[in-house]
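Report on one structure; see the data block that follows.
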Amino acid sequence: MSTLSEAYRDLPHHPRHVIPLDFDSVRTLPDSHVWPPTSHAFESEDRLSIPTVDLTDPDAGKLIGHACEAWGAFQVTNHDIPLDLFHEVESEARRLFSLPTGQKLKALRSPGGATGYGLARISPFFNKYMWHEGFTIMGSSIDHARDLWPNDYQRFCDVMEDYQKKLKELARTLMHLVLKSLDISEEEISRVVSAGGDSTALQLNSYPLCPDPNRAMGLAPHTDTSLVTILHQSTVNGLQIFKEGVGWVLVSPTNGSLVVNVGDLLHILSNAKFPSVLHRVVMKDQNQQRLSLAYFYCLPSDFHISPLALSSTQMPLYRSVSVRDYIGIKAKNLEKALSLIRI
């Protein structure tokens, strides 16, 4: 099966859209990173937020289906991933992002590359830069880890491999429940879930201390290309999702829970029943570094995707498209990508 990294290799970035700012040397927010004021997230006394689903609940599948339909996102608890592992991965991510800028640049993603250190892939679509640095892993991280720590890379590789293994198991469990809620045949469920396991990515995100957080943007509004994304947040707020009719809603970190959101590929499979949720990261009043770990569960680039959840009276809303072609469309159009394959 062809990999995600092969699909991205055909879509090179300009070098200026790869290299992050030297955050350690900045004392004032550069004009290149000043964004217009953002609307505040909706907050009320009952703290409106996405549903939380306990995976041990006998009705977990039904609850996940409802959450995907109403919100395009939910938090999941009792997922069997030990808290200690989250702490280890966070610790290794902090070790990476605390390296001197010159050292981090040794693992810089090439313009045509998909892995390593660099800016968010959505950067070219915005005329301002985001207050963000990232490190992308697809499969083994050993090559880039050796560049960062010539004599001390094994611990990083082992922790990231262990984390990816656990997240892959969880993603398969979640996808099975999600697709079952769409009343898709077991054969189709198995075809999608088994293919997804071979095409994944882990993104380590750092939002460094910012001299003027109220005028900066951590990550601009976007949807994910994946089937689902599973996110671990550190204890610092920042993630917001957009809900039609409500506006931006804050998703506060909860100890041990993971945020799961629908991506474009699942939106297509569900024939638009599940919204591919628009989300962003804001920096407001942030006085410490924020970390997050995003695990993208995708499909191989040669996999053809089309709506599966169709009743006898329903017509497909999207034409069949290979994952590679969809990635190409999104790489040039971002938020308009889904509309360009709509029938």
- [ ] Quick one: pull up CG in Leu167 and CG in Leu258 and give me the separation to the nearest 0.5 Å.
- [x] 7.0 Å

Open item on the list: Just to verify, which of Asp302, Thr225, Leu227, Leu299 counts as forming a side chain to side chain contact (heavy atoms under 4.5 Å, CB included) with Val323?
Closed with: Leu299

TODO: For this output row, return yes or no: ring centroids of Phe274 and His267 closer than 6.0 angstrom.
DONE: no

Open item on the list: Show the nearest heavy-atom pair for residues Ile137 and Met160, with the distance to one decimal.
Closed with: CD1-CG, 3.7 Å

- [ ] Take Tyr326 and Leu338, measure what side chain to side chain contact (heavy atoms under 4.5 Å, CB included) needs, and give me the verdict at the end.
- [x] CA-CA 9 Å; Tyr326 183 72; Leu338 285 168; 3.4 Å; yes

TODO: Show your reasoning for whether side chain to side chain contact (heavy atoms under 4.5 Å, CB included) applies to Gln233 and Val251.
DONE: CA-CA 10 Å; Gln233 307 185 74; Val251 182; 4.0 Å; yes

- [ ] Sorted by first residue and then second, give each salt bridge (Lys or Arg N to Asp or Glu O under 4.0 Å) pair with at least one member in residues 221-243; sequence neighbours left out.
- [x] none

TODO: Give a yes or no on whether Ile305 and Ile343 share a hydrophobic cluster (residues Ile, Leu, Val, Met, Phe, Trp, Tyr; joining criterion: side-chain heavy atoms under 4.5 Å apart).
DONE: no

TODO: Measure up the His279 and His222 rings against each other and bin them: parallel (under 30°), tilted (30 to 60°), perpendicular (over 60°).
DONE: tilted

Open item on the list: If you count every heavy atom of other residues, nucleotides or ligands that lies below 6.0 Å from Asp162 atom CG, does the total exceed 12?
Closed with: yes

Task: Side-chain heavy atoms of Leu266 within contact of Leu179, under 4.5 Å - done: yes

- [ ] Please examine the side chains of Leu21 and Glu133, heavy atoms only from C-beta on, and report whether any two atoms are closer than 4.5 Å.
- [x] no

Task: Straight-line distance of Asn237 CG to Met283 CE, nearest 0.5 Å - done: 12.5 Å

Open item on the list: If we ignore hydrogens and angles and just use 3.5 Å, is the side chain of Arg109 paired with the main-chain N or O of Gly116 as donor and acceptor?
Closed with: no

TODO: Would you kindly say whether Ser206 and Gln289 are connected by a side-chain donor-acceptor distance under 3.5 Å?
DONE: yes

TODO: Quick one: do Leu148 and Leu99 satisfy side chain to side chain contact (heavy atoms under 4.5 Å, CB included)? Show the steps, please.
DONE: CA-CA 8 Å; Leu148 295 170; Leu99 288 168; 3.9 Å; yes

Task: Tyr207 and Trp131 aromatic centres sub-6.0 Å - done: no

- [ ] Under the side chain to side chain contact (heavy atoms under 4.5 Å, CB included) rule, what do Arg94 and Ser234 come out as? Steps first, then yes or no, please.
- [x] CA-CA 11 Å; Arg94 285 186 198 283; Ser234 65; 4.2 Å; yes

- [ ] Kindly say whether Val321 contributes a backbone atom to a donor-acceptor pair with the side chain of Asp325 at under 3.5 angstrom?
- [x] no

- [ ] Would you give the length of the straight line joining atom CZ of Phe135 to atom CD of Gln203, rounded to the nearest 0.5 angstrom?
- [x] 9.5 Å

Open item on the list: Measuring from atom CZ of Arg280 to atom CD of Gln240, what distance do you get when rounded to the nearest 0.5 angstrom?
Closed with: 4.5 Å

Open item on the list: Would Arg95 and Trp149 count as a cation-pi pair here, with the cationic atom under 6.0 angstrom from the ring centre and within 45° of the axis?
Closed with: yes

Task: Asp212 and Arg215: CA distance, side-chain angles, deciding distance, salt bridge (Lys or Arg N to Asp or Glu O under 4.0 Å) verdict - done: CA-CA 6 Å; Asp212 192 354; Arg215 297 199 300 154; 2.7 Å; yes

- [ ] Taking Ser301 for its side chain and Arg324 for its backbone only, find out whether a donor-acceptor pair lies under 3.5 Å.
- [x] no

TODO: Compute whether any side-chain donor of one residue and acceptor of the other, for Asn271 and Tyr318, lie under 3.5 angstrom apart.
DONE: no

Task: Student check: side-chain heavy atoms of Ser322 and Phe303 closer than 4.5 Å - done: no

- [ ] Provide the closest heavy-atom pair for Cys210 versus Leu29 in the form atom of the first, atom of the second, distance.
- [x] SG-CD1, 4.0 Å

Task: Flag side-chain contact, heavy atom, 4.5 Å: Glu161 against Lys166 - done: no

TODO: Supply the atom-to-atom distance Leu231 CG to Ser257 OG, rounded to the nearest 0.5 angstrom.
DONE: 9.5 Å

- [ ] For the residue pair Phe23 and His33, categorise the inter-ring angle as parallel (less than 30°), tilted (30 to 60°) or perpendicular (more than 60°).
- [x] perpendicular

Open item on the list: What I want to find out is whether Glu335 reaches Lys330 closely enough, with some N-O distance under 4.0 Å, to be called a salt bridge.
Closed with: no

Open item on the list: Between Tyr295 and Gln164, does the side-chain hydrogen bond (donor to acceptor under 3.5 Å, both in side chains) criterion hold? Intermediate values first, please.
Closed with: CA-CA 8 Å; Tyr295 181 80; Gln164 288 183 90; over 6 Å; no

TODO: Using the rule that two of Ile, Leu, Val, Met, Phe, Trp, Tyr join whenever any of their side-chain heavy atoms come within less than 4.5 Å, decide whether Met315 and Ile341 are in one cluster.
DONE: no

TODO: Decide whether Tyr129 and Val34 are clustered together by the hydrophobic rule: side chain heavy atoms of Ile, Leu, Val, Met, Phe, Trp, Tyr closer than 4.5 Å, transitively.
DONE: no

Would you tabulate the side-chain donor-acceptor contacts of residues 53-61 under 3.5 Å, counting partners in other chains and residues two or more places apart, or write 'none'?
| unit_1 | atom_1 | unit_2 | atom_2 | d |
| --- | --- | --- | --- | --- |
| Asp54 | OD1 | Thr56 | N | 2.8 |
| Asp54 | OD1 | Thr56 | OG1 | 2.6 |
| Asp54 | OD1 | Asn78 | ND2 | 3.0 |
| Asp54 | OD2 | Thr56 | OG1 | 3.2 |
| Asp54 | OD2 | Asn78 | ND2 | 3.0 |
| Asp57 | OD1 | Asp59 | N | 2.7 |

Task: SB check Glu169 Lys165 (cutoff 4.0 Å) - done: no

Task: Summary of salt bridge (Lys or Arg N to Asp or Glu O under 4.0 Å) pairs that have at least one residue in residues 79-89, sequence neighbours excluded - done: none

Task: Residue pair Phe242 / Val249, side-chain heavy-atom distance below 4.5 Å - done: no

Open item on the list: Can you give me the closest heavy-atom contact between Leu308 and Glu188, atom names plus distance?
Closed with: CD2-OE2, 3.6 Å

Task: Test item: Leu239 and Leu250 side chains (from C-beta on) under 4.5 Å apart, heavy atoms - done: no

- [ ] Report the relative orientation of the aromatic rings in Phe126 and Trp35; use parallel for angles under 30°, tilted for 30 to 60°, perpendicular for over 60°.
- [x] tilted

Task: Flag for Gln75-Thr52: side-chain donor and acceptor within less than 3.5 Å - done: no

- [ ] State, with a plain yes or no, whether a side-chain heavy atom of His132 is found less than 4.5 Å away from one of Leu119.
- [x] no

Task: Lys180 atom NZ, neighbour heavy-atom count above 12 within 6.0 Å - done: no

- [ ] Please report the shortest heavy-atom distance between Cys157 and Ile142, naming the atom on each side.
- [x] SG-CA, 3.6 Å

- [ ] Taking all heavy atoms of Tyr297 and all of Val193, pick out the closest pair and write down the distance.
- [x] OH-O, 2.6 Å

Task: Crowding at CG, Asp24 (>12 non-hydrogen neighbours, <6.0 Å) - done: yes

Task: Nearest atoms (heavy-atom pairs only) where Leu269 meets Ser306 - done: CD2-O, 3.4 Å

Open item on the list: With a 4.5 Å cut-off on side-chain heavy atoms, are Tyr153 and His144 touching?
Closed with: no

Task: Glu244, CD atom: more than 12 neighbouring heavy atoms under 6.0 Å - done: no

Task: Distance, nearest 0.5 Å, that separates CD1 of Ile184 from OG of Ser190 - done: 12.5 Å

